[in-house]
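Single-structure report; data block below.
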Amino acid sequence: MPELPEVETIRLTLAGHVIGLGIKRVRVYWPPALCGWEGRDLADIVPGQRIETLGRRGKYVLVNLDGGWTLIAHMRMTGRLYYFPEAHAPEKHTHAVFELDWGELQFTDTRKFGRIQAVPTARLGEVPALRRLGPEPLEQSFTVQVLGERLRPKKVKLKAALLDQSVLAGLGNIYVDEALFVAGLHPERPAAALNDAELVKLHAAIQTVLWAGIESRGTSFRDYRDANGEMGSFQAKLNVYGRAGEPCRQCGRPLARLQLGGRTTVFCPECQG
DNA sequence: ACTAACCTGTAA
DNA sequence: TTACAGGTTAGT
């Protein structure tokens, strides 16, 4: 579910509550959601450590602890990280509860795809999932030239390349479709074949769409909530995602749907050349 | 480059 | 009953 803007919003809303708090205990309701390190259980590793900072890499939330460990959380499709200022009865799909000095952090995930992993901070660089990630699209260092270099060697269609986290970190099905619409590019264009003017447009579109998503506190199309349980509002501003058959906001013609790499893709055949 | 797998819930 | 859902990985 959450893509970069949603994960960033989770990070920001969580930071307001948990920075500086110690973890007293972890209650586990569905053990596969938690991954330990070299045979040690996460629930045995983190108690006694204090939450120092919260970071993000692509769609991962990084919880930096002062005892030399970092928690890496990925929500996949339906994962949620909730903060409650007081003890709160776990819900049907709550898999772990982190009891803090004040309040608690709950990890809830209906579809059970999400995971939280404990890793020694000094060895974060060894985690395959993080190693694979491409550049952060909102950082200064992500230039038009970098985008071009990432796309040029790819033999897949533009949509597939942008969904690939090793090309760029953080885009998912919603924001790829939205960025392609804003850039006026057809999702089936070969990724390697964009000219300079098109790269400039795509680069700007990716950043515009991601910043707008963050500004709206994410897209709550269905399941997404921030750490306070609040919905985002970007769903009201979507141009194409979830709008197949509806009129294009730019030209009025009906939006088309396509199946690309197993993912539904919506675009405007008129505006996206 | 596609498909299945991992899961549950909801809508058609 | 079936199709589909914001993700990722492994195996064809």
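Keep in mind that this is a model prediction, so the values were computed, not measured. Numbers restart at 1 for each chain; the letters A, B, ... are given by sequence-line order, proteins then strands.
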Open item on the list: Can you tell whether the side chains of A/E178 and A/K237 come within less than 4.0 Å, N to carboxylate O?
Closed with: no
Open item on the list: Side chain of A/K59 only, heavy atoms from C-beta on: which candidate in C/dG7, B/dC7, B/dA1 is closest?
Closed with: C/dG7
- [ ] Starting at atom NE2 of A/H93, determine the distance to atom C1' of B/dC7, rounded to an integer number of angstrom.
- [x] 10 Å
Open item on the list: With clusters defined by side-chain heavy atoms of hydrophobic residues (ILVMFWY) lying less than 4.5 Å apart, directly or transitively, does A/L71 cluster with A/L124?
Closed with: yes
- [ ] Measure from CD1 on A/I10 to P on C/dG7 and round the result to the nearest Å.
- [x] 13 Å
- [ ] Indicate, with a heavy-atom threshold strictly under 4.0 Å, whether A/G172 touches base, sugar-phosphate, or nothing.
- [x] sugar-phosphate
Task: Cationic N near anionic O, under 4.0 Å, A/D177 to A/K159 - done: yes
Task: Gap between atoms CD and P, on A/Q165 and C/dT8 respectively (whole Å) - done: 4 Å
- [ ] Check whether the ring centres of A/F181 and A/F267 lie less than 6.0 Å apart, and answer yes or no.
- [x] no
Task: Closest to side chain of A/K112, choosing from B/dC7, B/dG9, B/dA1 - done: B/dC7
- [ ] Please report, rounded to the nearest Å, how far the P atom of B/dC7 is from the CZ atom of A/R80.
- [x] 20 Å
TODO: Using heavy atoms to find the nearest nucleotide of DNA chain C for A/E6 and A/P128 separately, return the residue whose nucleotide is more 5′.
DONE: A/E6
- [ ] Classify the side-chain pair A/Y241/A/R243 by whether it contains a donor and acceptor separated by less than 3.5 Å.
- [x] no
Open item on the list: What is the distance, to the nearest angstrom, from the CE atom on A/M77 to the C1' atom on C/dA5?
Closed with: 5 Å
Task: salt bridge (Lys or Arg N to Asp or Glu O under 4.0 Å) partners of A/E139, counting only residues at least two apart - done: none
Task: Protein-nucleotide distance (A/R111, atom CZ; C/dT9, atom P), rounded to Å - done: 16 Å
Open item on the list: Output the rounded distance in Å from NE2 (A/H95) to P (B/dT8).
Closed with: 9 Å
TODO: Please tell me which of the listed nucleotides, B/dA1, B/dC6, B/dT8, lies nearest to the side chain of A/F113?
DONE: B/dC6
Task: Proximity of A/H203 and A/F142 rings by center, below 6.0 Å - done: yes
Task: Integer-rounded Å distance: C/dG7 C1' and A/D223 CG - done: 13 Å
TODO: Starting at the 5' end of DNA chain C, write a dot or bracket for each base, bracketing those in Watson-Crick or G-U wobble pairs whose two distances are under 3.5 Å and using | for partners on another strand.
DONE: |||||.||||||
